[in-house]
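Below is one structure; the comments refer to it alone.
FYI, side chains are in, hydrogens and waters are out, and symmetry mates aren't considered; it's all heavy atoms of this structure. Bear in mind the structure is a predicted one, so any value in this text is a computation, not a measurement. Throughout, a chain's letter reflects where its sequence line sits, starting with A, and its residues are numbered from 1.
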Number of protein chains: 2
Amino acid sequence: MSDVAALAGVHKATASRALNPSTSGLVNAATARRVRTAAEQLGFTPNSAARSLRTNRSFTVGVLLPDLTNPLFPPVARGIEEVLNARGYTALLANTDNDEAKERTQFEALRGRQVDGFIIATAQRVHPLLDEAYESGVPIVLVNRCTDKRLFPWVAGDDATGMALAVEHLLGLGHRSIAHVAGPQSMSTGVTRVRAFRHAVETAGIAPERAPVVVSESYTAPAGERATHELLEKHPDTTAICAGNDLIALGALHALKARGLRCPQDISLVGFNDMQFADEFQPPLTTVRVPHLDLGAEAARLLLERLDRYEEKGHPAPMSKTVFLPVRLVVRASTAAPPPHGA
Amino acid sequence: MSDVAALAGVHKATASRALNPSTSGLVNAATARRVRTAAEQLGFTPNSAARSLRTNRSFTVGVLLPDLTNPLFPPVARGIEEVLNARGYTALLANTDNDEAKERTQFEALRGRQVDGFIIATAQRVHPLLDEAYESGVPIVLVNRCTDKRLFPWVAGDDATGMALAVEHLLGLGHRSIAHVAGPQSMSTGVTRVRAFRHAVETAGIAPERAPVVVSESYTAPAGERATHELLEKHPDTTAICAGNDLIALGALHALKARGLRCPQDISLVGFNDMQFADEFQPPLTTVRVPHLDLGAEAARLLLERLDRYEEKGHPAPMSKTVFLPVRLVVRASTAAPPPHGA
DNA sequence: AGCATGAATGCAATCGGTTGCAGCAATCGT
DNA sequence: ACGATTGCTGCAACCGATTGCATTCATGCT
């Protein structure tokens with residue numbers, strides 16, 4: 001502000017230049033030093049509203065998360081924050097509770113706050129809001145889920161490989177009746193994992209009717225529990241279950257207990273994500289580990305890359321790079337050999 | 001913006017008044033309607049940077065959390081968001097990772113972004129940053145933890161009652177050698193719970209040497225595990241443990257397993273907070289339920305109250321109201337009668 | 001009719017940095 | 001020695017919404 005300039009005996013324009021790293025080369029080193037110490041003395045903090053107003057950049061990015069209480073997302077958020085903070089950006093986290101209206105509200109609120117871009121973890125396969133957003137040209141990176149139209153850069157775990165690993169593990173244990181309790185088919189993760197599951201069992205020469213798929217209406221334990229009951233009604237001879245994610249697996253665990261089935265002695269169970277506390281379940285869950293922190297970090301990097309380019313060229317290159325991060329199977333105690341036939 | 005005003009055939013000042021609910025009474029109803037439809041047509045979103053610049057209010061509050069991956073905090077954050085969003089405010093969440101340097105950085109960054117106030121869940125008993133912040137006069141509300149100097153309004157669970165309930169429960173089961181694995185004594189929750197523990201056992205007529213306290217260096221499972229080992233080295237005759245929080249309890253569970261002790265048959269265990277997944281542990285944890293969502297919601301309400309007053313009177317009333325929300329004991333499977341003497 | 005009243009709107013300053021352009025001095029080149 | 005170049009700084013416009021004040025016009029009152 002002008003107080004600082006006055007104290008340093010210069011014009012406020014010079015003070016501004018001295019304080020801004022990218023323009024400080026324009027002022028005399030001695031003057032710059034004087035200004036900086038003056039700023040220090042006065043405890044000066046630049047008013048970012050004024051800066052944004054003039055520069056049209058807020059150094060803030062909006063992060064849309066479907067549900068903070070799902071342990072999957074906090075690490076993603078941290079990864080995002082880490083990368084962003086290192087570059088002087090701030091992440092604005094917002095919950096949508098998987099509610100499209102709430103999502104729209106949050107999105108508008110953030111746009112109004114002049115965020116420079118978005119990292120979005122709430123994508124549905126068909127997503128009007130994102131279509132509109134694409135038209136408007138806001139920089140956006142998708143994380144975890146994506147839309148059917150591949151309009152945006154996208155970072156996710158390698159779901160196909162993950163599911164293949166899970167099925168191979170179960171096959172290796174001797175299972176031949178493997179079911180999949182899938183996540184909602186309105187999300188890309190839901191269909192990708194179903195497709196990978198089908199491919200894996202088919203490759204192993206298992207007849208489709210011995211590899212049923214039921215769909216859970218959401219990625220939550222209660223929904224997973226209901227879907228598992230449904231599965232076991234129709235296919236009581238199932239010996240192993242691949243769950244769409246760890247919360248569905250947790251619900252499956254509840255369903256098994258309710259039916260008097262032991263895991264893994266009667267039925268083996270594999271989760272997906274390796275979320276926090278998956279190793280504390282009873283039994284500790286065998287699951288596919290997705291590097292959540294890296295997911296967020298990589299998404300943030302992609303967005304920054306996009307923002308840099310935006311700044312330089314003034315126009316966004318039409319970039320919809322997809323990044324799959326490697327996953328691996330973590331074997332714990334929820335999987336074992338199938339019970340002897342007819343036991 | 002002026003485009004809207006032009007389309008509606010009015011001056012931009014009128015447009016501004018028409019669009020702002022609090023000043024829309026100043027313009028003709030018909031004109032206001034015309035402006036609103038014009039704004040709608042053009043997809044106008046007000047530039048909040050410009051508004052903040054002029055009004056010195058950003059309708060944004062900063063939320064400082066020690067660790068998002070601790071399941072205690074996401075519900076708090078949601079409670080905050082819910083109340084804030086309903087009033088047109090946005091919450092800016094920031095992680096500090098329990099790191100004072102990082103906390104300072106985040107705090108400065110948020111101040112620079114002109115937040116109207118803070119909700120802080122990272123308070124230490126001695127906290128230079130907060131002392132400075134108090135001097136500067138920023139509206140702040142503390143949640144969960146507080147500083148020794150009671151400078152700020154503060155919302156927390158009723159820890160003293162909670163701990164009393166836990167101890168009574170154990171006494172009722174017949175335990176007479178109850179230990180407390182406490183949280184860090186640098187935080188108010190750590191000392192409050194120790195004090196309440198000591199008071200409860202003393203009231204019950206238990207000799208202090210039969211009610212030892214060991215301190216865990218942090219609210220995490222690994223630290224809790226180490227502290228529990230230390231406890232059991234020194235006091236092998238312990239039959240029940242009150243943990244400083246659920247993560248410490250989880251660590252205690254690991255320690256017990258490592259030592260070949262069964263829970264609850266050999267040793268009973270009570271947690272604190274009733275965090276998400278505490279019911280999935282092996283065994284499901286008996287714990288004190290703190291209403292996390294309400295904690296956040298109430299803190300947000302207190303802050304809004306403060307902000308409203310700030311706006312009216314121009315000067316903050318020196319208010320440091322304390323709100324304790326009621327807690328209750330949730331009995332699960334980690335507590336039972338002590339083993340028969342000498343078994 | 002004449003003047004006061006009040007509602008509705010326009011005008012212009014303002015918030016606090018940023019930045020294109022101009023001015024000025026010192027140094028350089030020939 | 002003189003014009004050109006370079007380095008540094010000042011000037012002033014500008015970003016977009018808000019708001020105190022002035023203006024206009026219609027209505028009410030006597």
Side-chain angles (χ1 to χ4, degrees), chain A residues 1-36 38-40 42-60 88 108-109 111-116 311-312 314, chain B residues 1-36 38-39 42-60 88 90 108-109 111-116 311-312 314:
Chain A
M1 66 162 61
S2 30
D3 292 354
V4 175
L7 179 57
V10 296
H11 191 268
K12 61 173 180 155
T14 308
S16 167
R17 282 188 275 255
L19 261 13
N20 193 323
S22 70
T23 51
S24 62
L26 294 174
V27 314
N28 187 302
T31 314
R33 209 162 344 101
R34 221 168 58 243
V35 172
R36 271 195 297 274
E40 195 120 352
L42 272 55
F44 167 74
T45 340
N47 182 326
S48 62
R51 170 180 295 154
S52 311
L53 182 57
R54 177 64 215 235
T55 60
N56 235 347
R57 315 261 287 101
S58 65
F59 287 90
T60 297
E108 306 288 355
R111 287 222 62 182
R113 281 184 170 66
Q114 313 300 117
V115 299
D116 295 335
E311 195 170 8
E312 280 171 34
Chain B
M1 65 162 53
S2 30
D3 292 355
V4 176
L7 179 57
V10 297
H11 192 266
K12 62 177 178 151
T14 308
S16 167
R17 283 188 275 255
L19 262 12
N20 194 324
S22 71
T23 51
S24 61
L26 295 173
V27 314
N28 187 300
T31 313
R33 210 162 341 102
R34 220 167 60 244
V35 172
R36 271 196 296 275
L42 271 55
F44 168 73
T45 340
N47 182 326
S48 62
R51 168 180 296 154
S52 310
L53 181 58
R54 177 64 216 237
T55 60
N56 236 346
R57 315 262 288 102
S58 65
F59 286 90
T60 297
T90 301
E108 305 289 357
R111 287 222 64 181
R113 281 184 171 63
Q114 313 301 116
V115 298
D116 295 334
E311 194 170 8
E312 280 171 35

Between A15(B) and V10(B), which heavy-atom pair has the shortest distance, and what is it?
N-CG2, 4.2 Å
Closest listed nucleotide, where the reference is the side chain of R17(A) and the choices are dG17(C), dT19(C), dG20(D):
dT19(C)
For dG17(C) and S16(A) - does any side-chain N or O of the residue sit under 4.0 Å from the phosphate oxygens OP1/OP2?
no
Any donor-acceptor N or O pair under 3.5 Å, side chains T60(A), R113(A)
no
How many Å lie between CG on L53(A) and P on dG16(D), as a whole number?
7 Å
Nearest-nucleotide wise, let me know which of N28(B) and N47(A) is further upstream toward the 5' end of DNA chain C.
N28(B)
Length of the line joining N56(B):CG and dT14(C):C1', which is rounded to integer Å
12 Å
Within the pair R51(A) and dT18(C), is there a side-chain N or O less than 4.0 Å away from OP1 or OP2?
yes
Per atom distances to the T14(A) side chain, the nearest of dT18(D), dG10(D), dG16(D) is dG10(D)
Look at the side chain of S48(A) and the backbone N and O of G112(B), then say whether any donor-acceptor pair between them is shorter than 3.5 Å.
yes
Taking any heavy-atom pair under 4.0 Å as a contact, classify T31(B): base, sugar-phosphate, or nothing.
sugar-phosphate
Applying side chain to side chain contact (heavy atoms under 4.5 Å, CB included), run through K12(B) and V4(B) and close with a yes or a no.
CA-CA 8 Å; K12(B) 62 177 178 151; V4(B) 176; over 6 Å; no
Can you tell me how far C1' of dT19(D) sits from CG of L19(B), to the nearest Å?
16 Å
On the nucleotide dT18(C), are OP1 or OP2 found under 4.0 Å from the side-chain N or O atoms that T55(A) carries?
no
Find the distance R54(A):CZ to dA12(D):P and express it as a whole number of Å.
16 Å
Quick one: D3(B) CG to dA17(D) C1', roughly how many Å, whole number?
13 Å
H11(B) side chain near dT9(C) phosphate (N/O to OP1/OP2, under 4.0 Å):
no
Heavy-atom donor-acceptor pair, R17(A) side chain to T23(A) backbone, under 3.5 Å
no
Which part of the nucleic acid, if any, lies within reach of L26(A) when heavy atoms closer than 4.0 Å are counted: base, sugar-phosphate only, or nothing?
base
In this structure, how many angstroms lie between the C1' atom of dG16(C) and the CZ atom of R57(B), rounded?
18 Å
Is any side-chain N or O of T23(A) closer than 4.0 Å to OP1 or OP2 of dT19(C)?
no
So which nucleotide from dT19(C), dC11(C), dG16(C) ends up closest to the side chain of A13(B)?
dC11(C)
